[in-house]
Number of protein chains: 2
Amino acid sequence: MSTLSTKERILNTTEQLIADKGFSGISIRKISHAAQTNLAAINYHFGNKQQLINAVLERRLNNLFDIRQKMLNDLNQGKKKACVLEQVLHAFIAPALYMINDKNQGGKTFMLVLARAYAEQGEYLHQLMTTRYTNTIKKFADAIHRSVPHLDKETVFWRFHFIIGSLTYAMSDFGASSISKQMSESDYFNRSVDELIQFAVQALQA
Amino acid sequence: MSTLSTKERILNTTEQLIADKGFSGISIRKISHAAQTNLAAINYHFGNKQQLINAVLERRLNNLFDIRQKMLNDLNQGKKKACVLEQVLHAFIAPALYMINDKNQGGKTFMLVLARAYAEQGEYLHQLMTTRYTNTIKKFADAIHRSVPHLDKETVFWRFHFIIGSLTYAMSDFGASSISKQMSESDYFNRSVDELIQFAVQALQA
DNA sequence: AATTGTATCAAACGAACGTTTGAATTGCTT
DNA sequence: AAGCAATTCAAACGTTCGTTTGATACAATT
């Protein structure tokens with residue numbers, strides 16, 4: 001427990017509090033108390049509140065997009081032309097949903113954080129997508145288009161957009177886990193990945 | 001302008017401010033000032049801040065679900081057995097997106113409010129869906145299932161869920177309107193409705 | 001005209017907020 | 001052991017927040 005540095009403890013605690021209470025439900029006072037540190041420690045380590053929030057988001061997003069990029073690269077390694085739609089979508093969707101099972105990191109917690117961030121930190125996320133992660137996103141859009149060449153580029157763009165929406169919404173529900181309590185949690189995850197990918201495949205194959 | 005009652009002015013102003021700044025960006029001080037009324041008037045008319053927010057959400061949602069229910073009823077009137085998937089989805093999706101063009105009401109504004117509410121007022125929305133609007137939602141799920149009887153009920157449930165996610169995400173983007181500025185606004189809306197419905201149809205027809 | 005209920009207003013309340021400051025404490029290097 | 005930088009801490013700053021209060025203005029009814 002206490003092997004974690006103060007900085008890491010603040011990051012983890014902030015992530016958990018955002019997941020529980022939302023961005024509007026946190027304060028650096030609550031965070032510092034829950035992280036068992038001092039009020040000023042947050043400003044010392046992160047500057048101010050917004051920079052702390054940014055750090056929480058970027059820590060996980062960097063990891064998520066790294067994994068996505070890696071999985072897409074592995075797909076393209078064998079054949080450069082042919083792209084199986086199902087595999088491309090899997091490389092995009094699965095890392096997001098499987099972060100949840102990563103017990104070492106608070107993956108499930110971050111799913112809720114990310115879903116909330118789409119509404120409450122939209123500007124900052126949009127900025128990230130159009131700068132740091134834009135290359136990866138473009139590569140995925142290209143790969144999808146290559147796998148369904150009969151669709152025009154604009155339609156692919158729209159549907160990829162809708163799929164991202166479905167994924168975001170699904171992630172949000174995982175945190176809330178408001179439906180179908182009859183399954184075990186891991187069954188629910190696996191089923192979600194399959195259903196979401198099948199959903200996306202069906203939506204893209206006209 | 002001033003023909004509106006103070007109560008209506010407060011509702012409209014609150015809606016606009018939430019769309020602009022998010023739920024965490026509003027205060028009853030800012031609202032009362034922007035609505036050109038007094039601080040205490042809000043508590044007088046609505047009780048407290050949360051009840052004001054609830055009133056903003058319910059005013060539009062009641063209208064939205066009324067229209068959805070009506071359109072579904074019109075579909076079922078002719079034939080009771082056969083349901084065309086495309087029409088059912090249209091009855092669900094179109095009212096949400098066409099609220100945007102309703103200039104009399106601040107439809108477009110509310111789209112942003114609703115998208116934000118999914119993340120920031122999740123508990124209250126979920127409560128609304130499982131109480132006041134549950135009948136309408138069930139009827140849509142049934143109608144969809146009847147139109148794709150070859151899919152098992154659980155798959156339909158999942159995919160309907162994903163479609164709601166896509167719709168929510170799309171609505172959120174309308175407010176932000178961050179993409180494809182080349183089209184006119186109404187063209188963009190109409191294109192969105194068509195693309196989203198086609199997307200949903202494709203996703204549901206295995 | 002007097003009365004009654006509705007609506008608006010300025011003022012004040014305590015609480016919680018983000019940030020800053022300067023002193024204490026720790027951990028590492030010399 | 002001394003010195004130095006990195007870290008932690010208690011305390012305070014000014015601001016903003018939601019809510020309450022009691023007085024005032026308005027409208028409708030008797």
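Not measured: the values here are computed from a predicted model. Computation of the quantities below employed the complete heavy-atom set of this structure, encompassing side-chain atoms and omitting hydrogens, waters and symmetry-equivalent molecules. To find a chain, count down the sequence lines: A is the first, B the second, and so on, and within it residues start at 1.
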Rounded to whole angstroms, how far apart are CD1 on A/I53 and P on C/dC17? 13 Å

From NE2 of A/H33 over to P of C/dC17, roughly how many Å is that when rounded to an integer? 12 Å

Quickly work out the A/L52 CG to C/dC17 P distance and round it to whole Å. 15 Å

May I ask you to say what B/K30 touches in the nucleic acid, namely base, sugar-phosphate or nothing, with a heavy-atom cut-off under 4.0 Å? sugar-phosphate

Just say parallel, tilted or perpendicular for the rings of B/F65 and B/Y133, cut-offs at 30° and 60°. parallel

Quick one: does B/Q198's side chain get under 4.5 Å of A/T155's, heavy atoms only? no

Minimum-distance nucleotide to B/Y44 side chain [options: C/dT6, C/dG18, D/dT20]: C/dT6

For D/dG18, does either OP1 or OP2 sit under 4.0 Å from a side-chain N or O belonging to B/N48? no

Can you tell me which nucleotide in D/dG18, D/dC9, C/dA10 comes closest to the side chain of B/R29? D/dG18

Select base, sugar-phosphate, or nothing to describe what B/I42 touches, counting heavy atoms under 4.0 Å on all strands. nothing

Please report the distance, rounded to the nearest Å, between CZ in B/F46 and P in C/dA7. 12 Å

Would you say A/N38 places a side-chain N or O within less than 4.0 Å of OP1 or OP2 belonging to D/dA10? yes

When rounded to the nearest 0.5 angstrom, what is the spacing between NZ in A/K49 and CD1 in A/I42? 9.5 Å

From D/dG18, C/dC17, C/dA7, pick the nucleotide closest to the side chain of B/K49? D/dG18

Using a cut-off of 4.0 Å on non-hydrogen atoms, how would the nucleic acid contact of A/A41 be classed: base, sugar-phosphate, or nothing? nothing

In whole angstroms, how far is the C1' atom of D/dA11 from the CG atom of A/L39? 10 Å

Check A/N38 against A/S32 and note the closest heavy-atom contact, atom names and distance. O-CB, 3.5 Å

From C/dT19, D/dG18, D/dC17, nucleotide with atom closest to B/I28 side chain: D/dG18

May I ask you to evaluate whether B/H45 reaches the phosphate of C/dT6, defined as a side-chain N or O under 4.0 Å from OP1 or OP2? no

On the nucleotide C/dC17, are OP1 or OP2 found under 4.0 Å from the side-chain N or O atoms that A/S27 carries? yes

OP1 or OP2 of D/dT7 versus the side-chain N and O atoms of A/T6: is any pair under 4.0 Å? no

Does the Lys NZ or Arg CZ of A/R68 fall within the cation-pi geometry relative to A/F92 - under 6.0 Å from the ring centre and within 45° of the axis? yes

D/dT8 OP1/OP2 closer than 4.0 Å to side-chain N/O of A/T37: no

Looking at D/dC9, C/dT19, C/dA12, which one has an atom nearest to any side-chain atom of A/N43? C/dT19

